[in-house]
> 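Take this structure, written in structure tokens, and hold onto it; I'll ask about it next.
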2 protein chains.
Amino acid sequence: MKASVVTIEPNGHFCSDCAVRDFAVCSSLDPAELREFEHLGRRVLFDGGETVFSEEDSTTSFYNLLDGVMRLYKLLPDGRRQIVGFALPGDFLGMNISGRHNFSADAIGGVTVCQFAKAPFGRFVESRPHLLRRINELAIRELSQARDHMVLLGRRSADEKVATFLLAWRERLFLLKGASDTVQLPMSRQDIADYLGLTIETVSRTFTKLERHGVIEIVQGGISLLDPAKVEALAAA
Amino acid sequence: MKASVVTIEPNGHFCSDCAVRDFAVCSSLDPAELREFEHLGRRVLFDGGETVFSEEDSTTSFYNLLDGVMRLYKLLPDGRRQIVGFALPGDFLGMNISGRHNFSADAIGGVTVCQFAKAPFGRFVESRPHLLRRINELAIRELSQARDHMVLLGRRSADEKVATFLLAWRERLFLLKGASDTVQLPMSRQDIADYLGLTIETVSRTFTKLERHGVIEIVQGGISLLDPAKVEALAAA
DNA sequence: CGTTGGATTGATTTAAATCAATTTTAGTGG
DNA sequence: CCACTAAAATTGATTTAAATCAATCCAACG
């Protein structure tokens with residue numbers, strides 16, 4: 001987290017006109033609480049490629065992603081990387097019990113987060129069980145996704161992995177921005193490979209194979225789903 | 001869940017002499033709460049191989065594992081299986097937000113659970129934020145383990161997978177029952193394979209390879225860790 | 001324009017899967 | 001207690017999906 005690239009808007013932002021207001025953690029707060037909550041968080045910007053927090057870091061903050069995409073990953077000592085998820089606006093990051101983040105988080109492209117210092121946030125939650133319930137809900141949802149991803153990593157072929165990824169990513173973008181058959185892929189092929197437990201070459205080959213079969217079209221910054229049904233068949237639910 | 005093999009002890013059990021009392025969800029309850037809590041759960045026994053709940057089932061109960069080992073898994077339509085975890089005494093099962101279990105759970109060998117009907121349990125938690133916090137803590141801990149397992153599934157070799165599994169399983173048994181270099185493995189080789197994203201043959205070969213190298217000894221119902229340091233080196237933290 | 005990092009494509013290798021027997025263990029009934 | 005069966009585990013031979021090695025290719029950018 002280089003100070004040079006971090007811009008802090010000292011104040012002048014309001015939860016009431018926050019883009020993720022309705023589906024982030026804070027959706028459980030009433031207007032009065034929201035006004036108090038407003039003072040706890042501050043918007044921080046990161047450039048693409050910047051690390052927001054690292055696995056070994058002791059947790060000093062929680063983050064609510066407001067804008068942009070992040071990759072969440074773990075590294076093995078020899079440098080092998082597993083991306084455990086991609087974060088999109090509305091996602092809440094930093095929950096842990098060990099006092100340390102258990103994964104690292106990089107901005108992919110520019111990112112805006114709402115950052116909360118651990119202690120005051122903790123105190124705020126303390127007295128608001130409905131917020132705690134909301135946080136718990138998010139944790140359980142993530143757990144369910146994590147288990148789905150274990151199945152993908154442990155038991156699916158490269159073709160199935162890629163097809164499943166494209167559909168799931170499209171679905172997330174759909175929930176965020178509405179329907180579109182053009183699926184923006186802001187992450188690199190290497191990121192996709194590290195998410196799916198594959199190599200960059202295998203991901204690339206699978207993309208071109210899908211394109212040759214007329215199932216997708218590789219476009220600038222993403223892909224276009226020409227035959228969603230075929231992709232679903234490949235993903236073999 | 002065949003009724004024939006399920007034995008319900010109608011009453012006559014007390015939280016105060018429960019084996020998992022100190023490290024399960026209920027560890028957050030004070031004596032007065034515990035007496036109330038006692039009436040919510042009832043002990044249920046399952047035989048080895050019995051299914052306690054299935055992925056598609058709508059959730060009607062939560063479970064606290066009191067005794068025995070369970071495998072938690074997901075199936076693909078074509079029968080491929082990924083075991084997402086093994087449950088040991090003290091583990092709390094059934095949390096979800098969709099109203100459906102998102103994995104299935106089988107008893108491995110005989111099992112005793114403390115079963116809670118969803119609604120009364122939910123009402124009990126409602127008014128006890130410290131219990132909710134405890135549940136949240138368990139969910140976050142599981143999430144962290146799930147991410148570790150993703151790294152294993154996506155980025156580790158067969159040798160590393162097996163070595164990592166043996167160490168992690170030993171550690172869990174250690175926390176439960178104290179130190180021992182004999183590691184009981186109540187699950188089958190197929191279970192281990194489905195947990196590690198391998199085939200039974202690869203698991204078997206890896207075990208014999210470790211034995212040939214004098215690192216472990218395969219014994220009745222488990223393995224003996226002859227050279228823990230060597231196994232740790234193989235696991236390559 | 002030339003440089004550079006990301007992506008693609010092709011040739012080859014390899015780790016693990018698959019296929020195919022045994023062997024070992026556990027369970028059952030005489 | 002022992003013979004018989006069935007399931008689980010091991011071992012070996014062979015195949016294969018994906019990794020690795022090795023060039024390009026391409027798009028962005030100073």
Side-chain angles (χ1 to χ4, degrees), chain A residues 47-49 71 76 78-83 106 108-110 152-166 184-213 216-223 234 236, chain B residues 47-49 71 76 78-83 106 108-110 152-166 184-213 216-223 234 236:
Chain A
D47 275 351
R71 60 171 164 257
L76 289 173
D78 64 1
R80 281 174 288 175
R81 183 177 69 157
Q82 177 65 46
I83 290 185
D106 290 350
I108 296 177
L152 178 140
L153 290 171
R155 286 294 178 229
R156 287 173 167 292
S157 70
D159 287 1
E160 291 173 324
K161 285 175 173 183
V162 170
T164 304
F165 166 69
L166 290 178
Q184 294 296 323
L185 297 173
M187 69 292 284
S188 70
R189 293 288 189 272
Q190 186 63 65
D191 287 341
I192 296 174
D194 287 347
Y195 181 58
L196 300 177
L198 297 172
T199 58
I200 184 173
E201 294 95 330
T202 300
V203 170
S204 185
R205 273 187 255 272
T206 307
F207 271 50
T208 34
K209 187 165 74 176
L210 290 175
E211 189 171 46
R212 266 203 315 276
H213 289 52
I216 66 169
E217 192 189 354
I218 300 170
V219 298
Q220 182 47 257
I223 61 107
L234 276 171
Chain B
D47 276 352
R71 59 170 165 259
L76 289 174
D78 64 1
R80 280 174 288 176
R81 184 177 68 157
Q82 176 65 47
I83 290 185
D106 290 349
I108 297 177
L152 177 140
L153 290 170
R155 288 293 178 229
R156 299 182 94 98
S157 70
D159 287 1
E160 291 173 324
K161 284 175 174 182
V162 170
T164 305
F165 166 69
L166 290 178
Q184 293 297 321
L185 297 173
M187 69 293 283
S188 69
R189 294 287 189 273
Q190 185 63 65
D191 287 341
I192 297 173
D194 287 347
Y195 181 58
L196 300 179
L198 297 171
T199 58
I200 184 172
E201 293 96 330
T202 300
V203 171
S204 185
R205 274 187 255 272
T206 307
F207 271 51
T208 34
K209 186 165 75 176
L210 289 175
E211 189 171 46
R212 265 204 315 275
H213 289 53
I216 66 169
E217 192 189 355
I218 299 169
V219 298
Q220 181 47 258
I223 61 106
L234 277 170

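Lettering of chains follows the sequences in order, A, B, ..., and the numbering in each one begins at 1. Excluded from the calculations below are hydrogen atoms, water molecules and symmetry mates; all remaining heavy atoms, backbone and side chain alike, are included.
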> Mind checking whether A:Val203 and A:Lys161 have side chains closer than 4.5 Å, heavy atoms only?
no
> Can you check whether B:Ser204 has a side-chain N or O nearer than 4.0 Å to OP1 or OP2 of D:dT11?
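Looking at the OP1 and OP2 atoms of D:dT11, neither is under 4.0 Å from any side-chain N or O of B:Ser204.
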> Please pick, from D:dA27, C:dA26, D:dA9, the nucleotide with the shortest atom-to-atom distance to any side-chain atom of A:Gln220.
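For A:Gln220, the side-chain atoms sit closest to D:dA27.
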> Could you check how far CG of A:Asp194 sits from P of C:dA7, rounded to whole Å?
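One finds 12 Å between P of C:dA7 and CG of A:Asp194, rounded.
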> From D:dA18, C:dA17, C:dC19, pick the nucleotide closest to the side chain of A:Leu198?
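Minimum distance to the A:Leu198 side chain belongs to D:dA18.
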> Atom CD of B:Glu201 to atom P of C:dT18: distance rounded to whole Å?
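So the CD-P distance, B:Glu201 to C:dT18, works out to 8 Å.
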> Checking all strands, does A:Thr199 fall into the base, sugar-phosphate, or nothing category for heavy-atom contacts under 4.0 angstrom?
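It contacts base atoms.
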> Among D:dT11, C:dG10, D:dA9, which nucleotide has an atom closest to any side-chain atom of B:Thr208?
D:dT11
> In whole angstroms, how far is the P atom of C:dA7 from the CZ atom of A:Phe207?
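For the pair A:Phe207 CZ and C:dA7 P, the rounded distance is 10 Å.
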> Under 4.5 Å between any side-chain heavy atoms of A:Thr199 and A:Arg205, yes or no?
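Result no, sub-4.5 Å side-chain heavy-atom pair not found.
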> Salt bridge or not between A:Asp194 and A:Arg71? Use side-chain N to carboxylate O under 4.0 Å.
no
> Measure the distance from CZ on A:Arg156 to P on D:dA18 and round it to the nearest whole Å.
13 Å
> Is A:Ser157 close enough to D:dA17 that one of its side-chain N or O atoms is under 4.0 Å from OP1 or OP2 there?
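The answer is no; no side-chain N or O of A:Ser157 sits under 4.0 Å from OP1 or OP2.
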> Is there a donor and acceptor pair closer than 3.5 Å between the side chain of A:Arg205 and the base of D:dT20?
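In this structure, the two groups form a donor-acceptor pair.
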> Starting from C1' on D:dA8, measure out to CD1 on B:Ile192 and report it in whole angstrom.
12 Å
> Less than 4.0 angstrom between a side-chain N/O of B:Arg189 and OP1 or OP2 of D:dT10, yes or no?
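Yes.
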> Select one nucleotide: of D:dG12, C:dG10, C:dA7, the one nearest the side-chain heavy atoms of A:Ile200.
C:dA7
> Which sits closer to the 5' end of DNA chain C, A:Arg155 or A:Met187, going by the nucleotide each is nearest to?
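Residue closer to the 5' terminus by nearest nucleotide: A:Met187.
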> Under 4.0 Å between a side-chain N/O of B:Thr202 and OP1 or OP2 of C:dA17, yes or no?
yes
> Using a cut-off of 4.0 Å on non-hydrogen atoms, how would the nucleic acid contact of A:Gly221 be classed: base, sugar-phosphate, or nothing?
nothing
> Do B:Ile192 and B:Leu198 touch side chain to side chain, with heavy atoms closer than 4.5 Å?
no
> Which whole-number value in Å describes the distance from B:Arg80 CZ to D:dA17 P?
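Value for this atom pair: 13 Å.
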> Any non-hydrogen side-chain atom of A:Leu185 less than 4.5 Å from a side-chain atom of A:Phe165?
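Counting from C-beta outward, A:Leu185 and A:Phe165 do come under 4.5 Å.
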> Can you tell me how far C1' of D:dA9 sits from CG of B:Leu185, to the nearest Å?
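One finds 13 Å between C1' of D:dA9 and CG of B:Leu185, rounded.
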> Between A:Ile218 and A:Ile216, is any pair of side-chain heavy atoms under 4.5 Å apart?
yes
> Using heavy atoms to find the nearest nucleotide of DNA chain D for B:Val203 and A:Gly197 separately, return the residue whose nucleotide is more 5′.
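Closer to the 5' end of DNA chain D: B:Val203.
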> Using the side-chain heavy atoms of B:Ile218, tell me which of these nucleotides is nearest: C:dC19, D:dA22, D:dT10.
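My answer, after comparing the listed nucleotides, is D:dT10.
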> Return the value, rounded to whole Å, for the distance between atom CZ of B:Arg212 and atom P of D:dT10.
12 Å
